[in-house]
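Notes follow the structure.
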Amino acid sequence: MKNGTATGPGTDSTARLRSELDSARRILIFTGAGISTESGIPDFRSPGGVWDRNQPILFDDFLRSEAMRRESWRRKRETDRSIGQAAPNRGHRAIAELMRRDSASVVVTQNVDGLHQASGVEEEQLVELHGNATYAACCDCGLRHELEDIFREFDRDETLPTCRGCDSPYVKSATISFGQPMPVEAMRRAEAAARACDLAIAIGSSLVVYPAADVPLMAKQHGARYAILNREPTPQDGYADLVVHGEIGAVLGDAVGID
Ligand code: NAD
Ligand code: ZN
């Protein structure tokens with residue numbers, strides 16, 4: 001199945017990507033942190049990225065220790081401050097336009113920043129594999145909690161949130177932590193989209209975080225064409241029908257034909 005052809009940025013690769021988009025009827029767009037760097041949100045693995053600064057807090061440690069929960073809310077406060085009000089960029093807008101053109105297409109994202117929704121992608125066309133960092137949820141009963149309410153207390157004297165529904169002390173950013181089980185319904189929807197699409201495009205992902213990175217490969221195994229758009233090579237390049245090495249906003253914006 002090794003058939004990847006890598007092309008650098010330029011009109012040729014943009015034209016090839018456009019032609020893939022034009023011939024597809026159901027597209028699965030698989031996104032990673034790379035699509036949001038142009039909105040000012042650092043990715044994980046680039047220099048200066050999140051992992052250069054902190055080891056992740058494992059899910060079990062969050063449950064086990066109040067000190068860890070406090071540390072996790074401190075970090076959350078810091079990242080939310082530094083990211084501020086991030087807005088969707090040209091890459092997000094190009095994807096939203098593709099979703100508008102074809103209601104059978106789907107975005108499967110590893111991102112937790114909520115920028116696909118902010119760019120106009122409807123919830124029915126969006127699968128969040130790693131949750132969402134723009135709100136919190138109770139790990140016991142699932143009830144949603146707003147960050148604003150949590151930070152109002154936390155900023156005063158680092159009071160930790162408890163669930164207003166079930167009194168649980170395990171209220172956490174609604175993301176999937178390391179060591180936390182994958183969300184069953186999101187995985188099911190992602191797999192269904194992978195089986196149904198005729199083109200999968202992985203955009204801005206290092207394609208090393210599993211099981212998420214299985215999603216575009218699964219589409220390829222079910223007969224879809226597979227394109228990868230990323231600044232640097234990925235371990236899946238050899239499986240792709242088209243590999244474009246370039247900047248996401250410029251390449252995708254031109255390929256889709258939006259400003
Ligand atoms: P990653 O950091 O491993 O990979 C991002 C890839 O995008 C890298 O290969 C990088 O070279 C490339 N890239 C960055 N900016 C680019 C640009 N403008 N144009 C082209 N390529 C660009 O991210 P991942 O594969 O998503 O996996 C990391 C995990 O990090 C995911 O599980 C995700 O949940 C989490 N995460 C999410 C966010 C977010 O929500 N924005 C941010 C950081 C991490
Ligand atoms: Zn609860």
Side-chain angles (χ1 to χ4, degrees), residues 8-9 13 17 29-54 56 75-76 79-80 82-83 86-92 94 107-119 126-134 136-145 161-180 182-183 186 190 201-216 228-237 243-255:
S13 52
L17 189 57
I29 303 277
F30 178 80
T31 60
I35 197 170
S36 295
T37 56
E38 292 169 48
S39 295
I41 302 177
D43 61 15
F44 261 22
R45 289 170 183 78
S46 297
V50 181
W51 280 357
D52 279 2
R53 282 173 278 136
N54 276 319
R75 288 188 193 178
K76 170 88 183 134
T79 29
D80 282 20
S82 67
I83 290 167
N89 64 56
R90 195 172 172 214
H92 292 106
V107 181
V108 177
T109 189
Q110 302 171 87
N111 292 350
V112 296
D113 53 32
L115 291 184
H116 286 302
Q117 290 95 325
S119 69
L126 179 66
V127 181
E128 292 179 311
L129 289 179
H130 293 160
N132 190 308
T134 66
C138 172
C139 300
D140 283 321
C141 75
L143 188 69
R144 173 173 169 147
H145 293 246
T162 49
C163 179
R164 64 178 188 283
C166 74
D167 224 22
S168 163
Y170 307 129
V171 176
K172 188 174 84 57
S173 167
T175 50
I176 305 300
S177 300
F178 287 90
Q180 187 173 2
M182 290 291 282
I201 314 181
I203 299 172
S205 175
S206 56
L207 296 171
V208 297
V209 178
Y210 284 87
D214 273 329
V215 171
I228 294 176
L229 168 57
N230 205 51
R231 174 191 281 166
E232 57 180 12
T234 78
Q236 292 187 14
D237 287 4
V243 177
V244 182
H245 291 148
E247 292 301 300
I248 295 163
V251 174
L252 204 58
D254 288 354

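One-based numbering, in listed order, for ligands and for the atoms of each.
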Tell me the contacting part of [X] for ligand 1: side chain, backbone, both, or neither, using a 4.0 Å heavy-atom threshold, strictly below.
X	answer
S36	side chain
V209	side chain
I41	side chain
D113	both
P42	backbone

Heavy atoms, side chains only, cut-off 4.5 Å: are H92 and S36 in contact?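 Yes, at least one pair of side-chain atoms sits under 4.5 Å.
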
Nearest neighbour of atom 9 (O) of ligand 1 from the list E232, E247, Q110, on a heavy-atom basis: E232

Counting only heavy atoms, tell me which of I203, V208, V112 gets closest to atom 40 (O) of ligand 1. V112

What angle, to the nearest 10°, do the atoms SG (C141) and SG (C138) form about the Zn ion (ligand 2)?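 It is 110°, given to the nearest 10°.
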
With the Zn ion (ligand 2) as the apex, the SG/SG angle for C166 and C163 - to 10°: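 Value, to the nearest 10 degrees: 110°.
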
With respect to L129, which candidate in V215, N111, V112 satisfies the side-chain contact (heavy atoms from CB on, under 4.5 Å) definition? V215

Under 4.0 angstrom from ligand 1, any heavy atom of G249?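 No; G249 lies far enough from ligand 1 that no heavy-atom distance drops under 4.0 Å.
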
